[in-house]
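Working notes, beginning with the structure itself.
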Amino acid sequence: QVQLVESGGGLVQAGGSLRLSCDASGRTFRSYTVAWFRQVPGKERQFVAGFKRYNSNAFYSDSVKGRFTVSRDNAKNTLILQMNSLRPEDTAVYYCAASATVITSQMGSQSAYSDWGQGTQVTVSS
């Protein structure tokens, strides 16, 4: 099991940028598939971006591709989400998630992840 703590959310105008961090503690970070999800009220959590375990290739949802960049620092046990060109529709609670067992085809599914942070609110005003 790994413990996750997100930080960096806030209020920003459309077109602006925010940087989210997810600090992990527990077992070896690089052995986990890690991802960012986001959720708006009344809807399921939506996959945003992430890395498969032991793999440096990032995966992105189509809605954020080209605007968001995900990175991981295995030495610091940190997952970063750099969000640029933010839009009002990016407003959500953003969650960091991790799993030691998820396979590539499951990366977009919230049910595949066993460990979650508490979430951080991102609000983009128009």
Side-chain angles (χ1 to χ4, degrees):
Q1 188 176 8
V2 61
Q3 291 76 45
L4 304 169
V5 178
E6 303 97 336
S7 60
L11 173 64
V12 65
Q13 288 188 334
S17 299
L18 280 175
R19 179 182 170 94
L20 304 184
S21 294
C22 173
D23 293 320
S25 61
R27 299 180 63 184
T28 307
F29 188 58
R30 68 187 184 99
S31 68
Y32 280 75
T33 292
V34 288
W36 288 99
F37 281 75
R38 64 187 183 187
Q39 187 174 27
V40 297
K43 293 191 176 181
E44 290 190 354
R45 291 183 187 179
Q46 175 192 39
F47 174 81
V48 176
F51 289 96
K52 187 181 175 183
R53 56 191 297 203
Y54 301 119
N55 194 309
S56 60
N57 294 323
F59 292 81
Y60 295 92
S61 68
D62 288 342
S63 61
V64 306
K65 200 172 294 183
R67 300 187 298 122
F68 291 10
T69 301
V70 64
S71 59
R72 68 187 296 173
D73 186 331
N74 291 325
K76 296 182 179 180
N77 283 5
T78 300
L79 183 69
I80 300 292
L81 185 66
Q82 178 65 45
M83 304 185 295
N84 299 327
S85 302
L86 282 161
R87 304 166 180 168
E89 54 264 38
D90 294 319
T91 295
V93 177
Y94 283 71
Y95 295 90
C96 181
S99 172
T101 58
V102 65
I103 60 177
T104 302
S105 62
Q106 297 174 327
M107 278 195 68
S109 174
Q110 64 172 351
S111 62
Y113 294 81
S114 54
D115 301 310
W116 293 86
Q118 82 287 353
T120 185
Q121 177 70 47
V122 171
T123 303
V124 184
S125 63
S126 58

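Predicted model, so just to flag it, every value in this text is computed and none were measured. For the numbers below, each heavy atom of this structure counts, side chains included, while hydrogens, waters and symmetry mates do not.
Under the 3.5 Å distance criterion, the side-chain polar atoms of Ser99 are matched with a main-chain donor or acceptor of Ala112. Under a 3.5 Å cut-off, the side chain of Tyr32 and the backbone N or O of Ala97 do not form any donor-acceptor pair. With Thr123 contributing its side chain and Thr91 its backbone, the two residues share no donor-acceptor pair below 3.5 Å. Without hydrogens or angle criteria, Tyr60 side chain to Val70 main chain gives a donor-acceptor distance under 3.5 Å. With hydrogens and angles disregarded, a donor-acceptor distance shorter than 3.5 Å links the side chain of Arg53 to the backbone of Ala100.
Within a 6.0 Å sphere centred on CD of Gln13, other residues, nucleotides and ligands contribute 12 heavy atoms or fewer.
Val122 places a side-chain heavy atom less than 4.5 Å from the side chain of Met83. Looking at Ser61 and Phe68, their side chains never come closer than 4.5 Å, going by heavy atoms from C-beta outward. A 4.5 Å side-chain heavy-atom check between Ser63 and Arg38 finds at least one atom pair inside the cut-off. Side-chain atoms of Glu6 and Leu20, non-hydrogen and from C-beta on, never get closer than 4.5 Å to each other.
Closest of all the heavy-atom pairs between Ala92 and Val40 is CB-CG1, 3.8 Å. In terms of heavy atoms, Ser31 sits closest to Tyr54 at CB-OH, 3.2 Å. Closest heavy-atom contact between Arg72 and Asn74: NE-OD1, 3.0 Å. The nearest pair of heavy atoms linking Ser17 to Asn84 is OG-OD1, 2.9 Å. Nearest heavy atom pair, residue Ser71 against residue Leu79, reads O-CD1, 3.3 Å.
To the nearest 0.5 Å, the span separating CH2 on Trp116 from CZ on Arg45 amounts to 5.0 Å. Atom-to-atom distance recorded for Arg30:CZ and Asn77:CG is 11.0 Å, nearest 0.5 angstrom. Atom CG in Asp73 sits 10.0 Å away from atom CG in Asp23 (nearest 0.5 Å). Note that CG of Leu4 is 9.0 Å distant from CD of Gln118, once rounded to the nearest 0.5 Å. A distance of 6.5 Å separates CZ in Arg67 from CG in Leu86, rounded to the nearest 0.5 Å. The structure places CD of Gln82 at 6.0 Å from CZ of Arg19, a figure rounded to the nearest 0.5 Å.
With hydrophobic clusters built from ILVMFWY side chains whose heavy atoms lie under 4.5 angstrom apart, Val102 does not share a cluster with Val2. In the hydrophobic cluster analysis, where Ile, Leu, Val, Met, Phe, Trp and Tyr join through side-chain heavy atoms closer than 4.5 angstrom, Leu81 is grouped apart from Phe37. Note on Tyr94 and Val34: same hydrophobic cluster, where clusters join Ile, Leu, Val, Met, Phe, Trp and Tyr whose side-chain heavy atoms are under 4.5 Å apart, directly or indirectly. In the hydrophobic clustering of this structure, Val12 groups with Val64; members are Ile, Leu, Val, Met, Phe, Trp, Tyr whose side-chain heavy atoms approach within less than 4.5 Å, directly or through other members. Hydrophobic clustering (ILVMFWY, side-chain heavy atoms < 4.5 Å, transitive): Tyr113 and Phe51 are in distinct clusters.
With respect to the salt-bridge test (charged N to carboxylate O, under 4.0 angstrom), the residues Asp62 and Lys65 qualify.
In terms of the side chain to side chain contact (heavy atoms under 4.5 Å, CB included) criterion, residue partners of Asn55 (sequence neighbours excluded) are, by chain and number, Lys52, Asn57.
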